[in-house]
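Numbers restart at 1 for each chain; the letters A, B, ... are given by sequence-line order, proteins then strands.
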Amino acid sequence: EHKGPVFAPPYEPLPSKVKFYYDGKPMKLSPEAEEVATFFAKMLDHEYTTKDVFRKNFFKDWRKEMTSEEKSKITDLKKCDFTEMSEYFKAQSEARKQVKHERIANFRIEPPGLFRGRGDHPKMGMLKRRIRPKDIIINCSKDSKYPEPPPGTKWKEIRHDNKVTWLVSWTENIQGSIKYIMLNPSSRIKGEKDWQKYETARQLKKCVDRIRAQYREDWKSKEMKIRQRAVALYFIDKLALRAGNEKEEGETADTVGCCSLRVEHIKLYPESEGQEFVVEFDFLGKDSIRYYNRVPVEKRVFKNLQLFMENKEPEDDLFDRLNTSILNKHLQELMDGLTAKVFRTYNASITLQQQLKEITNGEDNIPAKILSYNRANRAVAILCNHQRAPPKTFEKSMQNLQAKIDAKKEQLSETKRELKSAKADLKVRRDEKCKKLVEGKKKAVQRIEEQLMKLEVQATDREENKQIALGTSKLNYLDPRISVAWCKKWGVSIDKIYNKTQRDKFAWAIDMADEDYEF
DNA sequence: GTAGGCACTTAGTACACCGAAC
DNA sequence: GTTCGGTGTACTAAGTGCCTAC
């Protein structure tokens, strides 16, 4: 779009505290002369300003902008001191760099298309409408400039609500739910909330024994409602199940969480594979990811489950006297801020910390330590049932890696043979050249062994990770201070664990935690 | 208690991107 | 220059949990 030429902004005089010195004395310049002087000051760090031609030309042109009074005073460039001006500009550009413009997470409005949904979704294929300016609510501070809507259109509303964090919202037509534009995870507001979340989970650590004792006691309660609550809480704690809010039938895929489990989702085995009181879970959870697990439970839990299932059809609720609201109300009484999801955060983070303590070996080299970290991370991902589809290229890339390992092994034995013969030569000849050769080969063997080890570690790591997604727990469940502390303790660079985006998101933790941080 | 509204976190997938290998 | 393979990011659906009105 042609808008005509854009002019440089007018010159803004320097603040009076920033002085130009001539012959050691401060001197106030006219605006015209000052402007040209600032050009020079801004370039002061560059080596051109030491070149005779540059200095001569600058001085000549500068004098043209001076008043006659200035011209008569300022006659020698060597006597000019621009350092204060230069410092000022440096400080300013530094300050500009420091100004944090909070990044926005999703600034593009979702485009129209056909709704897919996840799993067996009753609304798949429905048209997702185009969002227009008249659908958009903008939330900003009263004194801020908000963007104008495209010509000929209007925003739905301009709102100034500082109790919420969203910047833009609209209502989507498939479920009728509200969508938002919010800030990036690296923003102050999200970081503080994240921190708070982990602090609540640490609170739970302090009283989890008491809470566990209580729900075990409640397994014996006379009241059905309390028994159900206690068994559900046991599952949430032990198995890191989600709360399980009710969902409107026909609106979404049929998935469940703890409180919404149905009789058909569990099977009871008084005895199975040498274990007593085994419960088999098989249901679709969030995103229609299958949760399948066989767990031995306490006898009391088992008996209770039998009781809950009595005279029920498979499609009946297992916990018919319970929902998330009842459960959370109870949790709130046990600890301030406690809800079902806090157990997931707590159990994930505490597992990471315990696993790291258990499996990190101080003698290991860096790649082996990172493998230990990934294994600890993996234990959490398994607990939280974070799955992924095996990558399409998995088999192939695994084969390629194996080929690399074989080649490396071959190279290693070749180099070992060379070392042997070099040693033999040294015995016979005993000269400096042979000695050097032996040393060189020794080093080579060592280097190749290290490379081989690294490849083997990589292969193990990748194989173990085939169907497990580590990212979700890393991003949402693991107190980043545990990882930061671990890195500091074992001298592993933080960027081996967190990429740039993750470091930005967890900047608060990287700042905060030292090597003996305890979750 | 329950139904709906709202604001926020948590989730897996597709694909863009980039450096290394060819 | 092209292909390959791995990583990081964008996208947006799908949860949780709180609040209010009845």
Under 4.0 Å, counting only non-hydrogen atoms across every strand here, what does [X] touch: a base, just sugar-phosphate, or nothing?
{"X": "A:Pro111", "value": "sugar-phosphate"}
{"X": "A:Arg108", "value": "sugar-phosphate"}
{"X": "A:Gly244", "value": "sugar-phosphate"}
{"X": "A:Gly471", "value": "nothing"}
{"X": "A:Glu172", "value": "nothing"}
{"X": "A:Ala253", "value": "nothing"}
{"X": "A:Ser177", "value": "nothing"}
{"X": "A:Asn245", "value": "base"}
{"X": "A:Lys500", "value": "nothing"}
{"X": "A:Ala340", "value": "sugar-phosphate"}

Could you walk me through whether A:Tyr234 and A:Trp219 pass the ring-ring contact (aromatic ring centres under 6.0 Å, His included) test, one step at a time? CA-CA 10 Å; A:Tyr234 168 73; A:Trp219 291 340; 5.1 Å; yes
So, for [X] and [Y], is the gap between ring centers shorter than 6.0 Å?
{"X": "A:Phe281", "Y": "A:Tyr292", "answer": "no"}
{"X": "A:His265", "Y": "A:Tyr291", "answer": "no"}
{"X": "A:Tyr373", "Y": "A:Trp490", "answer": "no"}

Distance check needed: [N] [atom2] versus [X] [atom1], whole Å only.
{"X": "A:Lys179", "N": "B:dT9", "atom1": "NZ", "atom2": "P", "result": "16 Å"}
{"X": "A:Leu383", "N": "B:dA11", "atom1": "CG", "atom2": "P", "result": "12 Å"}
{"X": "A:Lys341", "N": "B:dA11", "atom1": "NZ", "atom2": "C1'", "result": "13 Å"}
{"X": "A:Asn162", "N": "B:dA7", "atom1": "CG", "atom2": "P", "result": "13 Å"}
{"X": "A:Leu241", "N": "B:dA11", "atom1": "CG", "atom2": "P", "result": "13 Å"}
{"X": "A:Lys286", "N": "B:dT9", "atom1": "NZ", "atom2": "P", "result": "12 Å"}
{"X": "A:Asn106", "N": "B:dA11", "atom1": "CG", "atom2": "P", "result": "18 Å"}
{"X": "A:Met182", "N": "B:dC6", "atom1": "CE", "atom2": "P", "result": "13 Å"}

Do the charged groups of [X] and [Y] touch, with an N to O distance under 4.0 Å?
{"X": "A:Asp504", "Y": "A:Lys500", "result": "yes"}
{"X": "A:Lys128", "Y": "A:Glu110", "result": "yes"}
{"X": "A:Arg227", "Y": "A:Asp218", "result": "no"}

Could you tell me whether the phosphate oxygens of [N], OP1 or OP2, come under 4.0 Å of any side-chain nitrogen or oxygen in [X]?
{"X": "A:Lys190", "N": "B:dT9", "answer": "yes"}
{"X": "A:Thr472", "N": "B:dG12", "answer": "yes"}
{"X": "A:Tyr180", "N": "B:dT9", "answer": "no"}
{"X": "A:Arg242", "N": "B:dA11", "answer": "yes"}

Could you tell me whether the side chain of A:His386 and the main chain of A:Ala469 form a donor-acceptor pair under 3.5 Å? no
Donor-acceptor contact present, side-chain A:Asn347 to main-chain A:Phe343, <3.5 Å: yes
Considering heavy-atom distances to DNA chain C, does A:Gly337 or A:Lys247 have its closest nucleotide positioned more toward the 5' end? A:Lys247
Could you check A:Gly257 against A:Glu110 and say which one's nearest nucleotide on DNA chain C is further toward the 5' end? A:Glu110
On DNA chain B, more 5' by nearest nucleotide between A:Gly176 and A:Lys329 is A:Lys329
Taking the nucleotide of DNA chain B with the closest heavy atom to each, which residue, A:Arg118 or A:Thr165, is nearer the 5' end? A:Thr165
Give me the first and last nucleotide of DNA chain C, going 5' to 3', that has any atom under 4.0 Å from a heavy atom of chain A. C:dG5 to C:dC18
